[in-house]
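Down below is the structure, laid out as structure tokens.
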Amino acid sequence: MRREYIDSMPDLHATWLSRRSRPWNAVLDALPSQCAICRRWPAARFCADCLARWSQPVPRCSLCARHLEGGAAVCGACLKQPPRLKHCIAVLDYAYPWQNVIARYKFHGDTGLAHGLGRLMSSHPQVEQVLDGSDLLLPVPASDQRLRERGFDHTLLLARALHPPIPVWHRAVERRHTLQSQHELGRAQRLRHLQKVFAVAPDFSSRIRGRHIALLDDVMTTGATLDALAGCLLQSGAAGVSALVLCRTP
Ligand SMILES: [Zn+2]
Ligand SMILES: [Zn+2]
């Protein structure tokens, strides 16, 4: 399927739920639901008890979002070799129960979870700071092949659920599909491979120049994908690139 065909199908990229206005959010928030973690009913999609138990913020390195004790802002690894990202904010650990929640959202098509996950992210004070200091939000793109398999763009849905004060540019970068899964590659191969995966879309190359860009991803593991995307944007003249991630491997 060609990209222009996929682009003409907004309901594939994201559902109408992601475009609803704030008054509608208030109405939907008031409707009873089932907690996606403890299954309590009626409750919010993530009940207050589960949020208190599983979403407490932990101190993290401001450049790579790894856990960091002792009050330092930046970890030793980032001091030694500073990453290309200006800031990297992770809201949750990629561990129980969020691993299961993300699997339900991403692989089982429970797109209704985007609203609760977006709210969780946008209520994080550092996420708000990064959004306020950026000109645009760029959800990490999926390849056309992945979009087709999944039927929706999970990072775009999440980006819209943040209700960011800046535009969401989900077509600014194209991601080429490769047959081999990145999980099957070794680290060196994966880095080499990632350098060729992203390309700024022709219409956007001049519009990227001089902009401060916030990237958004659902899961960060090694950080290689975000680093490669930041490299691609900086090469195209972006003034700075930061990243917001929902979950990071601890
Ligand atoms: Zn719960
Ligand atoms: Zn670090």
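Indexing begins at 1, ligand by ligand and atom by atom, following the structure's order. Positions are given from 1, in the same order as the sequence printed here.
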Q.
Closer than 2.8 Å to the Zn ion (ligand 2): does that hold for any N, O or S atom in Cys61?
A.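 It does; at least one qualifying atom falls short of 2.8 Å.
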
- Query: Can you find a side-chain donor-acceptor pair between Asp227 and Thr225 that sits under 3.5 Å?
  - Reply: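 No pair is found: no donor N or O on one side chain lies under 3.5 Å from an acceptor on the other.
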
Next item on the list: State, yes or no, whether a side-chain contact exists between His154 and Asp218 at a heavy-atom distance under 4.5 Å.
Entry: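 When only atoms from C-beta onward are counted, Asp218 and His154 do touch, with a gap below 4.5 Å.
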
*Are the side chains of Leu120 and His124 in touch, meaning some heavy atoms are under 4.5 Å apart?*
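Not touching, per the 4.5 Å side-chain cut-off.
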
Give a yes or no on whether the ring-centroid distance for Trp54 and Tyr96 is below 6.0 angstrom.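 Here the rings of Tyr96 and Trp54 have centres that are less than 6.0 Å from each other.
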
- Task: Please calculate the SG(Cys64)-the Zn ion (ligand 2)-SG(Cys75) angle and round it to 10 degrees.
- Result: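 Rounding to the nearest 10 degrees gives 110°.
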
ask   = To the nearest 10°, how many degrees is the angle Cys50 SG to the Zn ion (ligand 1) to Cys35 SG?
value =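 With the Zn ion (ligand 1) as the vertex, SG (Cys50) and SG (Cys35) sit 110° apart.
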
